[in-house]
Amino acid sequence: MTLTAAPGADGRTARKAPPGAAPRTRRSGRLRRIGLPYLLLLPALLLELLVHLVPMVIGIVVSFKELTQFHIRDWGAAPWAGFDNYSLAVDFDAPVGEALLKSFTTTCLFTLFSVGSCWLLGTAAALFLQEDFRGRGFLRTLFLVPYALPVYTAVITWAFMFQRDNGLVNHVLHDQLGLTDSPPFWLIGDNSFVTLLVVSVWKGWPFAFLIIMAGLQNIPREVYEAAALDGAGTWQQIRRITLPALRPVNQVLVLVLFLWTFNDFNTPFVLFGKAAPESADLVSLHIYQSSFQTWNFGAGSAMSVLLLLFLLVVTGAYLLITSRGRKATDA
């Protein structure tokens with residue numbers, strides 16, 4: 001006796017799928033769903049490699065070459081220098097190493113004051129705007145204006161304001177308030193460090209304000225109400241509740257501000273030009289001058305690699321210390 005499949009609604013004979021076809025179809029669909037996000041990320045990854053990784057590798061190779069203006073046309077044929085460029089950069093008794101050490105010290109002080117001021121101002125502004133009052137939305141928008149402005153526009157504006165003869169800063173300090181005997185120079189000399197610090201804090205603290213304000217939203221208001229019922233004042237609430245709750249946010253914020261500030265090139269370059277005063281000679285601008293002013297790209301690349309290694313070591317140590325502190329707190 002022969003069995004035939006029953007015809008379907010359209011009159012066609014339904015065929016039974018071969019064994020294993022359904023699992024194979026489900027498997028291929030699962031692989032397609034899993035692989036689609038990576039396929040969509042592939043152009044961005046390739047562009048990231050092209051923009052960042054390839055120049056980084058080339059810079060490391062150049063740091064081992066004697067690449068000067070005599071070999072710039074065919075940099076691949078430049079003589080191999082080995083570790084001579086690194087020895088020149090870390091020889092602090094020689095003029096090149098001594099200048100790099102001064103620039104590095106200036107950058108460390110600048111980063112310390114800038115990051116500390118940005119965090120302090122951002123935290124104070126975020127705590128102030130936590131309470132509901134009339135005009136809070138306007139102040140939030142106003143505080144974020146420096147962060148929204150393009151860097152070059154903001155720094156050029158500050159450069160005009162710090163002009164000695166017709167700048168707004170000297171007009172207020174000297175002409176109106178009479179705080180100085182003569183209009184001081186802000187873009188040259190020792191005052192240039194203060195100028196650079198003011199501009200950096202002005203354009204950096206709104207980011208700290210934004211991040212801390214977002215972190216404060218995760219702290220329940222009931223905790224503050226319970227602390228107030230127990231007799232805790234404002235400072236005790238900030239010390240015992242706010243700062244411990246913001247510790248994970250602050251750890252990430254401080255690291256990001258440190259990396260941004262230590263590597264900042266746009267601010268001193270736009271503010272002072274190609275040659276910054278000695279008191280505001282940041283290491284990023286110093287490396288630029290060593291490479292593009294003296295045409296010693298080998299030494300400049302070696303300085304860049306040393307800066308990269310320093311930032312990697314500091315970042316790794318910071319993450320290790322903060323992770324251990326977080327584990328100790330959780331325990």
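What's counted below: heavy atoms across the whole structure, side chains too, no hydrogens, waters or symmetry copies.
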- Message: For a ring pair (Phe, Tyr, Trp, His ring centres under 6.0 Å) check, start with the C-alpha distance between F110 and F262, then their side-chain angles and the critical distance, and finish with the verdict.
- Response: CA-CA 8 Å; F110 165 74; F262 208 94; 9.2 Å; no
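- Ring planes of F113 and F193: perpendicular class, angle over 60° (limits at 30 and 60°).
- Side-chain atoms of E66 do not come within 3.5 Å of backbone N or O of G298 as any donor-acceptor pair.
- In this structure, F160 places its CZ atom where only 12 or fewer heavy-atom neighbours from other residues, nucleotides or ligands lie under 6.0 Å away.
- Panel note: side chain S63, backbone I60; a donor-acceptor pair is recorded below 3.5 Å.
- Under the 3.5 Å distance criterion, the side-chain polar atoms of S200 are left unmatched by any main-chain donor or acceptor of L196.
- Checked by atom type and distance alone, the side chain of Y318 pairs as donor or acceptor with a backbone atom of Q251 at under 3.5 Å.
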- Worked check of ring pair (Phe, Tyr, Trp, His ring centres under 6.0 Å) between F143 and W205: CA-CA 9 Å; F143 287 169; W205 80 268; 5.4 Å; yes
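- Within 6.0 Å of the CZ atom in F83, the count of heavy atoms belonging to other residues, nucleotides or ligands does not exceed 12.
- Between the side chain of N170 and the backbone N or O of D175, no donor-acceptor pair lies under 3.5 Å.
- Summarising the local packing, CG of D190 is surrounded by 12 or fewer heavy atoms from other residues, nucleotides or ligands at distances under 6.0 Å.
- In this structure, Y288 and F269 have perpendicular ring planes: the angle between them is above 60°, well past the 30° mark.
- By the 4.5 Å heavy-atom criterion applied to side chains, L311 and N263 are counted as neighbours.
- Between F272 and P277, some side-chain heavy-atom pair lies under the 4.5 Å cut-off.
- Of the possible donor and acceptor atoms, one in the side chain of T322 sits under 3.5 Å from a partner among the backbone N and O of L319.
- Classification of the F64-Y86 ring pair by plane angle, with boundaries at 30° and 60°, yields tilted.
- A donor-acceptor pair under 3.5 Å is absent between the side-chain atoms of S114 and the main chain of T111, judged by distance alone.
- At least one side-chain heavy atom of I156 sits less than 4.5 Å from a side-chain heavy atom of V270.
- Rounded to the nearest 0.5 angstrom, T105 OG1 and D281 CG are separated by 11.0 Å.
- In this structure, the side chain of S192 does not engage the main chain of W186 through any donor-acceptor pair within 3.5 Å.
- Atom CH2 of W235 is surrounded by 12 or fewer heavy atoms from other residues, nucleotides or ligands within 6.0 Å.
- Counting heavy-atom neighbours within 6.0 Å of D181 CG, excluding the residue itself, gives a total of 12 or less.
- W260 and W158 end up in different hydrophobic clusters when Ile, Leu, Val, Met, Phe, Trp and Tyr side chains are linked at under 4.5 Å.
- In summary, of the residues considered (L197, L121, L149), a side-chain contact (heavy atoms from CB on, under 4.5 Å) with W202 occurs for L149 alone.
- Note that CG of N266 is 10.5 Å distant from CG of L285, once rounded to the nearest 0.5 Å.
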Hey, can you pull the donor-acceptor pairs under 3.5 Å for the side chains in residues 125-140, sequence neighbours left out?
unit_1 : atom_1 : unit_2 : atom_2 : d
Q130   : OE1    : Q217   : NE2    : 3.2
R136   : NH1    : L129   : O      : 3.4
R136   : NH1    : Q130   : O      : 3.2

- Message: Checking F310 against F104 for the ring pair (Phe, Tyr, Trp, His ring centres under 6.0 Å) test, could you report, in this order, the C-alpha distance in whole Å, the side-chain angles of both residues, the deciding distance, and whether it holds?
- Response: CA-CA 11 Å; F310 169 76; F104 177 78; 5.0 Å; yes
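- At distances below 3.5 Å, at least one donor-acceptor pair connects side-chain atoms of T294 with backbone N or O atoms of S290.
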